[in-house]
Amino acid sequence: MTAYWKVSPEQPQPESLAEAAQTLKQGGLVAFPTETVYGLGADARQTRAVEQIFKAKGRPSDNPLIVHIADRSQVEALAASPDEAVSRLLDAFWPGPLTVVLPVRPGVLSPLVTAGLDSVGLRMPDHPVALQLIAAAGCPVAAPSANRSGRPSPTQAQHVLEDLAGRIDGIVDGGPTGVGVESTVVEYTPAAGEAGGGVLHILRPGGITAAQLREALPGITVREASAHQEPSAAPRAPGMKYTHYAPRGVMTLVQGDAPERVLARIQRELDEAHARGERTGVLTYREHAPLLRADHIVACGSVGDLESLAHGLYAALREFDEAGIHFIMGETCPEEGIGAAIMNRLRKAAGDRIIHV
Ligand code: TXA
Ligand code: MG
């Protein structure tokens, strides 16, 4: 049985979160909203509880979990003191969609959380429900996105229930999430010796953009996760190597500078699939939706408004599954600002199938 608690997203009443917090304390699994996506939480110190996260999600055990805290002072208890550069990031972006990877303090977390690494990803989410729940539970909360492994991340309580009802102890419904894509995961490498600044590696693009990070860290090199990682290179954020965020159908993206060419090619592919007897779907911008013909048209975001696209992306991908669509064509977006995170997710959802026109 999965308990369900509906709370006000802006002003959750402490009573409404008491049972959920108690469930976490007792080693249970509770899904909760953050500003990015819903997380599936457990007490990060209890190995039995953390084990259940991997089981409920069907998640590979070599993929570490982000640990969520409600107060900056918890950082020192869990990890080595952050470098000055990392402290500046926390000042600038916490609470918010930024996860910092730091050397973990031995013995304070279940070893399952870090998947055997000597580092831990820490994040203070910018959501009143998440912050109050973590504070009331009184423990660091390990929380991956609350989807079955490989499925699009949940941005509404309903998505969590679709994937995990009956597999988890409870869900706190605080309405739809805001940002819509996950946090940016970063790791800082200090400069060797005296000369020059260090390097901040973006291990996973997300809600905080590279430009925002550069602005907060003058003199420090911010290195973006390469879109096409060498297959042999060991991924630094282990989760990035798995197929992710994918609808059940097969999706192909069409990318090009001229929207008319992109739309024409998408339509041609849709028409050919239709002629073969397939049920077809298309992921497109609101403005382009009236220009396309398919069995299922999903309009997501407006041209030029990347935030609106990020916000609706995962719900859009899930729509194709609900409609039982197996052949999906999709548009792309510019890789600037939060577009880097969107394209990272879209590429994975499409298994890197991209037609350039
Ligand atoms: O916005 C978010 O980050 C959401 C919400 C719930 O907070 N959480 C989330 O967790 O996206 P998850 O488990 O779906 O993704 C965590 C990512 C994975 O790519 C994982 O490999 C990476 O963070 N990660 C976690 N700990 C790490 C570590 N110590 N070193 C490198 N990468 C790490
Ligand atoms: Mg995830």
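All ligand and atom numbering here is 1-based and tracks the order in the structure. Here, residue 1 is the first one in the sequence, and each next residue gets the next number.
- For the pair H326 and R279, the minimum side-chain heavy-atom distance is 4.5 Å or more.
- Counting heavy atoms under 4.0 Å from ligand 1, residue N63 touches it through the side chain alone.
- At distances below 3.5 Å, at least one donor-acceptor pair connects side-chain atoms of T280 with backbone N or O atoms of D295.
- Among the atoms of S145, an N, O or S atom falls under 2.8 Å of the Mg ion (ligand 2).
- In terms of polar-atom proximity, defined here as any N/O pair under 3.5 Å, T34 makes no such contact with ligand 1.
- Ligand 1 has no atom lying under 4.0 Å from any heavy atom of T114.
- In this structure, the side chain of R353 engages the main chain of A350 through a donor-acceptor pair within 3.5 Å.
- Residue S183 has at least one nitrogen or oxygen atom sitting less than 3.5 Å from a nitrogen or oxygen atom of ligand 1, judged on distance alone.
- Residues L203 and V186 are not in side-chain contact: their nearest non-hydrogen atoms beyond the backbone lie 4.5 Å or more apart.
- At a threshold of 4.5 Å between non-hydrogen side-chain atoms, the residues Y314 and E182 count as touching.
- By the 4.0 Å heavy-atom criterion, P125 is excluded from the residues contacting ligand 1.
- Of the listed residues (A79, G39, S145, P97), the one carrying the non-hydrogen atom nearest atom 14 (O) of ligand 1 is S145.
- For the ligand labelled ligand 1, residue A143 lies inside the 4.0 Å heavy-atom shell.
- Judged by distance alone, with hydrogens and angles left aside, the side-chain atoms of Q46 form no donor-acceptor pair with the main-chain N or O of A42 at under 3.5 Å.
- Shown in contact with V120 at under 4.0 Å from a heavy atom are these atoms of ligand 1, numbered in order with element: 29 (N).
- Residues Y38 and T177 form a side-chain contact, since some pair of their non-hydrogen atoms from C-beta on lies under 4.5 Å apart.
- Side chains of I328 and V298 form no contact here, defined as non-hydrogen atoms less than 4.5 Å apart.
- Distances below 4.0 Å separate heavy atoms of L117 from the following atoms of ligand 1: 28 (C), 29 (N), 30 (N).
- When P64, S119, G41 are checked for heavy-atom proximity to atom 29 (N) of ligand 1, S119 turns out nearest.
- The option from R59, R204, K57 that lies nearest to atom 17 (C) of ligand 1, judged by heavy atoms, is R204.
- Within the 4.0 Å heavy-atom cutoff, H68 counts among the residues contacting ligand 1.
- Looking at H68, its side chain never comes within 3.5 Å of a backbone N or O of A142 through a donor-acceptor pair.
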